Amino acid sequence: MQTFIQGITDRVTTKKGMWTTLSAWLIIAMLLAVFAPSVRDYEVSNIAPLPDDAKSVIAQKKVDHYFKDSDGIPAILVFQAPDGQVSLTDLTNLLDQVQSAKINGVQQVVSLSSLPPQATAGFFSADQSTALIPLNFDSSLETKDIKKAIAEITKITKETTKLKLYVTGPAGIATDTLDLFSRADLVLIFSTVGLILILLIVIYRSPLLALIPLLAAAFVYEVVSQTLGLMGKAGLVMTSQTISIMSILLFAAVIDYSLFVFSRYREELKMYENKYDAMREAMRETGMPVFFSGGTVLAAMLVLFFAKSGDYHNFAPTFATTMLIIMLASITLVPALFTLFGRKSFWPKVPKVGDAAVNHHSLWSKVGRLVAKKPGVSVAVIGIFLLLAASNILNLKYEFDTMKSFPKDMPSRLGYEILGKKFEKGNLAPTTVLFESKNTLTLEQQNKLQSTLSEQPLVSSVRINGKTADQKVINYSLTFKGNPYSTTTIDALEKIIEDAGKITKDSSLDGKLYFAGETATKVDDRSTNNRDVIIIVLFETILIFAMLIILTRSFKMPIYMMGTILISFLAALGLGIYLTSLFFDISTVSDRVPLYAFVFLVALGIDYNIMLISRFQEEQKTHSVKEAVEIAVASTGGVISSAGVILAATFAVLMTQPIQLLFVFGFIVAVGILLDTFLIRGVLLPGLIMLIEKNKTVMESK
């Protein structure tokens, strides 16, 4: 592999190779821009989170099979009177007009005029100020088509009544999410580019050093976007959330690898007059570590293919493709661009032949000497801090109510919260219980099962929602007393599902119970997520550890590297949870956050360890362990700390996104990267190397 990469970089760093490389990237980018679709043409607001064999998915398929009317994308129309009460007459006329308008995709609308008074009462709140009307959209509709349908319903409402309409439920959430991300995309890209540009200029005080990495990122972004567009055209489904994180990953990784390349290039320009020779030597030492760093991130993303959850599985092809293109760019496009500009890249502080390669009076030179002198104290102090931070994960509390992740002024969230205040919380998302019997059920048997279900813990009510013509399949609507998304309710339903066999036996029935709906989905989602966390953490740790053994040609060194990264992740999670609660009043997080953070912190954090260890091993060939540690920390400290600050700031840009999950994820990753940059890579890992490798050297000399 090293010979292969060196062969590529040797060709790229010649004059002919430089122009060939730049021309190839330009032509590819232009062809893709003209002939390939954009990834944005194929993004969706969400995907099925569960595999086909999940119990709630199987249950929903059963419901759709036996009761055709339930097949569709559900929405809840929440009508509220600004003052006074919702008029039954006005609402009836409104719904009749919606029905007669024959809006595309709208299935049967409830006809209040055909229902008895006791039935219509269930659609109104106790104070009559609010009414809820369930509605289904055709399941074949795209989100943009649902948005048009909702706009037509809203228009009819405004023209015929004074009622305020909020559309919530899966359909309303999907359209609102589409709006949120369409506005947030530009904010994300411009914020990322602007922040990186400012930080590069402030840190390096060189306009070209700021622009060249961004120019490389722009080329890569175009190629990645259009490549993913082609994959989308071929059938790959990508969510808005996945594409947003992909953009951050792309800019972060390209900038990181650019900094590693130009840092070593600057050193070599102090040794070689010819800019091509300098870049060739720079890439001989950094090409393999940079490419391998990208490889660890790629490997981490490929591990996500083992996940069952749709969210994680959706990341795998998108992020893996992105990283593969970034890896190629890091050993071709990036060195070619820096070689093109040569010494001018560093203006006004142009490196000259004969300048000192390492500044022995820099902050990181002093840190390197301190750690090498007192490694035990350094490791103990940082280790205690990290363990204390990691201990806060015991206070981690998960939030399963997706709506709380959205902005407070989002229409679907407003409608959802109005329902929670005006109706029994369980009505927000009743659970569908389907009983499939082998024999025809008598009315007494149906009522007996209904009674048994009603007696289960936290159940508020159970009503028969439908029956098949042969009376063998009964559809019950089960409502819980509390919020259907609360942990307590999820636990209660999970217990009911586990006791399903006993429930049918107590009712003297021969058949099987199926549970569908939001709470049932959360039960499966939680268990699937717990399974994915174990699998992905285990596989990713083993895979990256194996790759580090190949890179370092050592077994002990990867243990230090992986060990420090894992404790860094735990500390980042614990500290991040504490700080989000302290500064942002966020006391619960999505159960997706820990695994999101693990994948990125381990994959990206190991990059810095690779750069440090690679330099240490290079220097150890001609220096003692103590001197090699000092040189490695001094030489890589500046570039890694600046790269870390930029990487952390880039992920912090996710805090501009309107989804709380992305906000918390971006913040925790930013915290973790800063911990890794300044404490792990700067102090803890060098200290461990000193303690273990120095003792090893002493023992060998004896």
Side-chain angles (χ1 to χ4, degrees), residues 45 69-70 72-139 141-180 403 406-430 465 477 479:
S45 56
D69 291 342
S70 66
I73 304 170
I76 300 176
L77 308 183
V78 182
F79 296 96
Q80 193 167 46
D83 45 47
Q85 300 177 339
V86 177
S87 166
L88 175 59
T89 303
D90 288 348
L91 187 58
T92 301
N93 293 335
L94 169 60
L95 294 176
D96 288 343
Q97 287 194 45
V98 171
Q99 179 66 38
S100 61
K102 298 188 183 302
I103 299 171
N104 179 44
V106 174
Q107 296 181 350
Q108 185 68 35
V109 179
V110 174
S111 177
L112 294 180
S113 58
S114 63
L115 296 176
Q118 62 270 27
T120 59
F123 294 105
F124 292 83
S125 61
D127 61 5
Q128 299 291 304
S129 67
T130 309
L132 70 85
I133 301 295
L135 183 73
N136 269 16
F137 289 98
D138 193 292
S139 58
L141 284 185
E142 296 285 341
T143 303
K144 58 185 178 182
D145 296 322
I146 296 175
K147 182 181 176 182
K148 290 179 182 177
I150 290 175
E152 289 187 53
I153 296 172
T154 304
K155 183 181 178 183
I156 294 172
T157 304
K158 287 181 178 179
E159 291 175 350
T160 58
T161 70
K162 293 182 179 179
L163 298 176
K164 181 69 176 176
L165 171 62
Y166 302 92
V167 182
T168 189
I173 294 169
T175 56
D176 283 348
T177 305
L178 185 66
D179 285 341
L180 283 175
M403 291 302 297
F406 293 109
K408 292 181 179 180
D409 61 347
M410 193 171 86
S412 55
R413 177 170 177 175
L414 289 172
Y416 170 83
E417 291 178 344
I418 290 169
L419 288 181
K421 292 175 183 176
K422 297 295 182 179
F423 294 84
E424 189 174 349
K425 288 186 180 296
N427 287 329
L428 291 170
N465 205 34
S477 180
T479 303

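Keep in mind the model is a prediction, meaning the values are calculated, not measured.
Separating the CD1 atom in Ile418 from the OG atom in Ser129 is a distance of 9.0 Å, to the nearest 0.5 Å. Separation of atoms CG (Asp145) and OG1 (Thr175) is listed at 12.0 Å; rounding is to 0.5 Å. For the atom pair Phe124 CZ and Ile133 CD1, the distance stands at 6.5 Å (nearest 0.5 Å). To the nearest 0.5 Å, atom CG of residue Asn136 and atom CG of residue Leu141 are 11.0 Å apart. For the atom pair Leu165 CG and Ile156 CD1, the distance stands at 10.5 Å (nearest 0.5 Å). In this structure, CG in Leu163 is found 7.0 Å from CG in Leu94, a value given to the nearest 0.5 Å.
Between the Asp176 side chain and the Ser412 main chain, a donor and an acceptor come within less than 3.5 Å of each other. For Thr130 (side chain) and Ser125 (main-chain N/O), no donor-acceptor pair under 3.5 Å exists by modelled atom type.
Residue pairs meeting the salt bridge (charged side-chain N to carboxylate O under 4.0 Å, His left out) criterion with at least one partner in residues 109-124, sequence neighbours excluded, do not occur; the list is empty. Identified under the salt bridge (charged side-chain N to carboxylate O under 4.0 Å, His left out) test for residues 86-106, with sequence neighbours left out: none. Evaluation of the salt bridge (charged side-chain N to carboxylate O under 4.0 Å, His left out) test over residues 417-429, restricted to residues two or more places apart or in two chains, returns Asp127-Lys422, Arg413-Glu417. Sorted by first and then second residue, the salt bridge (charged side-chain N to carboxylate O under 4.0 Å, His left out) pairs involving residues 146-159 (not counting sequence neighbours) are Lys147-Asp179.
Counting heavy atoms of neighbouring residues, nucleotides and ligands inside a 6.0 Å radius, atom CD of Glu142 does not exceed 12 of them.
Leu419 pairs by the side-chain contact (heavy atoms from CB on, under 4.5 Å) definition with Ile76, Val78, Leu132, Thr168, Phe423, Leu428, not counting sequence neighbours. Remark: Gln85 engages Gln128 in a side-chain contact (heavy atoms from CB on, under 4.5 Å) (not counting sequence neighbours). Residues passing the side-chain contact (heavy atoms from CB on, under 4.5 Å) test with Pro430, sequence neighbours excluded: Ser477, Thr479. Partners of Ala171 by side-chain contact (heavy atoms from CB on, under 4.5 Å), not counting sequence neighbours, listed by chain and number: Ile73, Ala75, Phe137, Ile146. The side chain to side chain donor-acceptor pair (under 3.5 Å) check on Tyr166 picks up nothing, with sequence neighbours excluded.
Residues Val109 and Leu95 share a closest heavy-atom pair of CG1-O, 3.9 Å. Listed here is the closest heavy atom pair of Met403 and Ile173: SD-CD1, 3.2 Å. When all heavy atoms of Val106 and Ala149 are compared, the closest pair comes out as CG2-CB, 4.4 Å.
The side chain to side chain contact (heavy atoms under 4.5 Å, CB included) test with Leu135 singles out one residue from Val110, Val167, Ile153, and that residue is Ile153.
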